[in-house]
There are 2 protein chains.
Amino acid sequence: MVLTEKQKTLIEKIGIAIEHEGLQPVAARIIGLLYVSDKPELTFDEITAFLRISKSATSNGVNLLLQTERIEYITFSGDRRRYFRLKISDWRNAFTRRIESMTKFNVVLREVLEIRTKETPEYNKNIEEVIDFMDYVSEQMPILFREWENKRK
Amino acid sequence: MVLTEKQKTLIEKIGIAIEHEGLQPVAARIIGLLYVSDKPELTFDEITAFLRISKSATSNGVNLLLQTERIEYITFSGDRRRYFRLKISDWRNAFTRRIESMTKFNVVLREVLEIRTKETPEYNKNIEEVIDFMDYVSEQMPILFREWENKRK
DNA sequence: ATTTTAGTTCTGTAAATTATGAACTAACGG
DNA sequence: CCGTTAGTTCATAATTTACAGAACTAAAAT
């Protein structure tokens, strides 16, 4: 298998998008590759070859992505290699985690509110609103999933 | 005005949290300072002094935060200085932008779907689901705001 | 007119990040 | 037990980032 030009440019595009989310370039490109690859599962060596990177870069990349649960791997009996693939079927959890990473800022916002001067009621009220809204959002998340499922049918 | 120990440690805590969102340390600490400061508006020099950073660091920091619309400034007649403050009253827009930054990945996901082999229907279906769900989320955003407002009353 | 204020911009650099290549390891295959 | 495969680890090189400090600018104050 060889990559088409379209696939290559899309890998770069996805790479940059994911990089902006804070991942290192190689890891971001591995994700891009797994998105466009005709085979959804690729071995360590295939990743190394397609992206023309060193084995150590691949090793670091896949391990980072495994840790952060963006990819996973499967194996086949009689084959020592790991076949890496996107944990795309896991997108519900991934989305939930991203929302949670926003709402967890509420913990420190509550601390802010505690030590803030009471001389600035309007300002403080804004902070309270943010906290309250983010709490509401976390609470509504399961409902959002449920209603989306319903709508689909 | 001088910062208490509590304020100082909270600035660092907020700083680290915001850094994880991809901002550079100084910019993140400026946000932290504006959160805990008794005066919600601070001048360039006050920021420089409180954080013990150079003027160039302050200049870079505030300009970055202005560009990304995390802070804004007001002025007073007869006073040349700018008074910087968090755009906290703008948190609805900020939240919307963060959701949009997630949903904009849909643009590239649609491209992926276009060029993907049709030999992997299950995999492709997962991608379609993500796209559909994210579309649903953007669509539900205004409703979420509205219902939260209602609930508040 | 010159000094002060409120910043900006430029240059250098220290530190952090990211990737390479080579050496290594552990399991398997013959 | 010797070679190969599938990866990991380590030392190091290259690149990027983030900041300091000094020189600079434009407007306002004296």
Side-chain angles (χ1 to χ4, degrees), chain A residues 1 8 11-12 14-34 37 39 41-68 70-85, chain B residues 11-12 14-34 37 39 41-68 70-85:
Chain A
M1 190 180 83
K8 283 187 197 164
I11 289 173
E12 292 309 306
I14 297 170
I16 290 168
I18 307 264
E19 241 181 281
H20 285 310
E21 251 122 73
L23 268 190
Q24 42 183 239
V26 161
R29 271 157 197 77
I30 292 175
I31 291 184
L33 173 62
L34 292 173
S37 162
K39 285 192 290 175
E41 285 104 18
L42 296 179
T43 66
F44 190 99
D45 274 341
E46 286 171 325
I47 294 171
T48 306
F50 282 136
L51 297 182
R52 296 159 201 278
I53 56 180
S54 65
K55 290 208 293 171
S56 48
T58 305
S59 181
N60 284 330
V62 298
N63 287 325
L64 178 65
L65 295 173
L66 285 171
Q67 272 170 42
T68 54
R70 274 177 261 243
I71 65 172
E72 62 189 346
Y73 61 85
I74 50 169
T75 50
F76 299 100
S77 62
D79 186 345
R80 223 181 347 148
R81 288 169 297 178
R82 294 177 293 175
Y83 289 77
F84 298 97
R85 68 177 175 206
Chain B
I11 290 173
E12 293 309 306
I14 296 170
I16 290 168
I18 307 264
E19 243 180 277
H20 287 309
E21 252 121 71
L23 270 188
Q24 43 183 238
V26 160
R29 272 162 194 75
I30 291 175
I31 292 184
L33 173 61
L34 291 172
S37 161
K39 284 193 290 175
E41 286 103 17
L42 295 179
T43 66
F44 190 98
D45 275 340
E46 286 171 326
I47 294 170
T48 305
F50 281 136
L51 297 182
R52 296 157 199 279
I53 55 179
S54 66
K55 289 209 293 171
S56 52
T58 305
S59 181
N60 285 329
V62 298
N63 287 325
L64 178 64
L65 294 173
L66 285 170
Q67 273 170 40
T68 54
R70 273 177 263 243
I71 65 171
E72 63 188 347
Y73 62 85
I74 51 170
T75 50
F76 299 99
S77 63
D79 186 346
R80 220 173 359 141
R81 289 169 297 178
R82 295 176 292 176
Y83 289 77
F84 298 97
R85 65 177 176 207

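As a basis for the values below, the full set of heavy atoms in this structure was taken, side chains included, without hydrogen atoms, waters or symmetry mates.
- Taking B:R85 as the reference, B:E41, B:E72 meet the salt bridge (Lys or Arg N to Asp or Glu O under 4.0 Å) condition, with sequence neighbours excluded.
- Residues from residues 70-78 of chain A placing a heavy atom under 4.0 Å of any atom in DNA chain C do not occur.
- Spacing between atom CD1 of B:I30 and atom C1' of D:dC19 amounts to 12 Å, rounded to whole angstrom units.
- Within the 4.0 Å cut-off from OP1 or OP2 of D:dG7, not a single side-chain nitrogen or oxygen of A:S59 is found.
- Between the CZ atom of A:R81 and the CZ atom of A:F44 there is a distance of 12.5 Å, given to the nearest 0.5 Å.
- In terms of phosphate contacts, B:R81 brings no side-chain nitrogen or oxygen within less than 4.0 Å of OP1 or OP2 of C:dT5.
- Annotation: side chain to side chain contact (heavy atoms under 4.5 Å, CB included) contacts of B:A57 (sequence neighbours excluded): B:V26, B:I53, B:S54.
- Remark: A:S37 engages no residue in a side-chain hydrogen bond (donor to acceptor under 3.5 Å, both in side chains) (not counting sequence neighbours).
- A search for salt bridge (Lys or Arg N to Asp or Glu O under 4.0 Å) contacts involving A:R70 returns nothing, not counting sequence neighbours.
- Sorted by first and then second residue, the salt bridge (Lys or Arg N to Asp or Glu O under 4.0 Å) pairs with a member in residues 18-30 of chain A read A:E12-A:R29, A:E19-A:R29, A:E21-A:R98; sequence neighbours excluded.
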Q: Sugar-phosphate atoms are those with a prime plus P, OP1 and OP2; base atoms are the rest. Using that split, label each nucleotide of nucleotides 14-26 of chain C B, S or - for protein heavy atoms under 4.0 Å, 5' to 3'.
A: ----SSBB----B
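- Protein atom CG of B:L64 is 16 Å distant from nucleotide atom C1' of C:dT9, rounded to whole Å.
- Residues meeting the ring-ring contact (aromatic ring centres under 6.0 Å, His included) test with A:Y83, sequence neighbours left out: A:F76.
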Look for any protein N or O under 3.5 Å of an N or O in nucleotides 11-15 of chain D and output each such pair with its distance, or none.
none

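- Between the P atom of C:dC28 and the CG atom of A:D79 lies a distance of 12 Å, rounded to the nearest Å.
- Under 4.0 angstrom from either OP1 or OP2 of C:dT8 there lies at least one side-chain N or O belonging to B:R82.
- Here B:R80 pairs with nothing under the salt bridge (Lys or Arg N to Asp or Glu O under 4.0 Å) rule; sequence neighbours left out.
- One interatomic measurement links the two molecules: CG of B:L66 to C1' of C:dA6, which rounds to 15 Å at whole-angstrom precision.
- A:K39 meets the salt bridge (Lys or Arg N to Asp or Glu O under 4.0 Å) test with A:E46; sequence neighbours excluded.
- Side-chain contact check for A:L23 versus A:L65: some heavy-atom pair is nearer than 4.5 Å.
- Computed from coordinates, the B:N63 CG to C:dG7 P distance equals 10 Å when rounded to whole Å.
- In plain terms, the two heavy atoms of A:L64 and A:A27 that are nearest each other are CD2-CB, 4.1 Å.
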